[in-house]
2 protein chains.
Amino acid sequence: MKTLKIPEATVIRLSVYSRYLAQVDRRGITTISSGEIADGTGVSPAQVRKDLAYFGEFGTRGVGYNVKDLYWHIIKILGLNTTWSVVIIGAGNLGTALSMYGGFRERGFKVVGIFDNAPHKIGYRLNGVEVYPMERLKEIIEKEKAQIAIIAVPAEHAQEVADQLAETSIQGILNFAPCVINVPERIELRNVDLSVNLELITFNLALRRSLKGGK
Amino acid sequence: MKTLKIPEATVIRLSVYSRYLAQVDRRGITTISSGEIADGTGVSPAQVRKDLAYFGEFGTRGVGYNVKDLYWHIIKILGLNTTWSVVIIGAGNLGTALSMYGGFRERGFKVVGIFDNAPHKIGYRLNGVEVYPMERLKEIIEKEKAQIAIIAVPAEHAQEVADQLAETSIQGILNFAPCVINVPERIELRNVDLSVNLELITFNLALRRSLKGGK
DNA sequence: TAGATTGTTAATCGATTAACAATC
DNA sequence: TAGATTGTTAATCGATTAACAATC
């Protein structure tokens, strides 16, 4: 595998391609061209081929790509050929929603524990997954071999939770709290700010208005 | 206002700057330089100045920026100087979580209605917001003057919901269903795929592994 | 072979960074 | 005035697109 830096946009598109290929496969289609993938996912054919070229040669010139093969190649590239065990920190509304989110299971993620420090929540099961007290974080992560943690606590407590996670064998953190957190280099961190997505909409709506009104 | 195309990354950073400025303001600081904003948000000072330059001149050479003024300038740029009324389609776990998500309220978003077609959910209140049947979608959107809709239904029903929204006066749609949907040009659309965020983590973890093992 | 489509290189486009004149 | 920091231009960097040789 080349050591070239892969653009994040490429990884996101690979995810989109894989979903589209799964859909095409369900329709019983066995071969597909970069142009067809492009049409189905809203990118350019050159983009599709370039994205794939970072990782190898998966097609046959003059023919195209085998749908199933390419699907599995991408799944492997994305690291989704194995099941990932996930813990969720915070059994509030967001944590509860995420624990039941079908989109995770579909892509091979398995929620193995939810953590909270509200005594009345401990011991409950959400979607079959037990709610544990925060004191058992390290124990359960190690017992269940969880590799990824999702932080779904209020912003005030996010860093505190991150510090506790840093003491465990967790490899990746997805942070939904709207704040910046610091974690050791060895942990792969990603922040999702749900509000920013609405703000990108309001920005564009405000821009449209000012173009109409202002001009 | 210039008609230059603004990079999406710039808009996202403006959102980050505004949160940082709010925090700095709470500490009672009145003036700030691009370098300090850069340090506080993890970008370069040139980036901060360039991002702001798309929209005007907000600083004083040799001095810096007035914290409060700049905060409000950015809030206005993001279209957040007015309250936006939001409806959520789908009273499942995600819809429920989003209806109670503090991060929205903080930035001036107000959830004015939740819609579902499960009879046993109708009439309930989530966080003070009523759950309405889908048949009343258009009526309530128009009555409440909702401008933005959040789709939080399973992927199979997302397009159907989008079609119904297209019949209303809704101006923007935030789609959480992991699928591509089509809406009229006049509607500002944005997709959020929660699973992709986990996949960006697993991709990097898989990459780290292969670099360690493969090399 | 002729037609089709890949993989890859070169050209283009756009975003970030460095540098500095303007100016408080 | 001297020091500081902005706003902006030019240089750099990186990603996308166009084009085409390779080849099925």
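Proteins come first, then strands; the chains are lettered A, B, ... in the order of their sequence lines, and each starts at number 1.
- As rounded to whole Å, 11 Å separates atom P of D:dA18 from atom CD of A:Gln47.
- A sub-4.0 Å separation between OP1 or OP2 of C:dC24 and a side-chain N or O of B:Thr60 is absent.
- With contacts defined as side-chain heavy-atom distances shorter than 4.5 Å, the pair B:Val24/B:Tyr71 does not qualify.
- A sub-4.0 Å separation between OP1 or OP2 of D:dA21 and a side-chain N or O of A:Arg61 is absent.
- Contact between the side-chain N/O atoms of B:Ser34 and the OP1/OP2 oxygens of D:dT6 is found at a separation under 4.0 Å.
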Would you write out the dot-bracket form of DNA chain D, 5' to 3', with Watson-Crick and G-U pairs under 3.5 Å, [ ] for crossing pairs, | for pairs to other strands and . for unpaired bases? ..||||||||||||||||||||||
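- You'll find the ring centres of B:Tyr101 and B:Phe104 inside the 6.0 Å limit.
- Contact between the side-chain N/O atoms of B:Arg49 and the OP1/OP2 oxygens of C:dT17 is not found at any separation under 4.0 Å.
- Between the CG atom of B:Asp51 and the C1' atom of D:dT6 there is a distance of 15 Å, given to the nearest Å.
- Between the side chain of A:Arg209 and the backbone N or O of A:Asn204, no donor-acceptor pair lies under 3.5 Å.
- Residues A:Arg190 and B:Glu199 are not paired through a salt bridge, judged by the lack of any N-O separation under 4.0 Å between the basic side chain and the carboxylate.
- Distances shown here put a side-chain N or O of A:Tyr65 below 4.0 Å from the OP1 or OP2 atom of C:dG7.
- Minimum interatomic distance between B:Ser44 and B:Ala38 (heavy atoms only, all atoms of both residues): C-CB, 3.6 Å.
- Among A:Leu189, A:Ile150, A:Ile151, A:Ile88, the single residue meeting the side-chain contact (heavy atoms from CB on, under 4.5 Å) criterion with A:Leu174 is A:Ile150.
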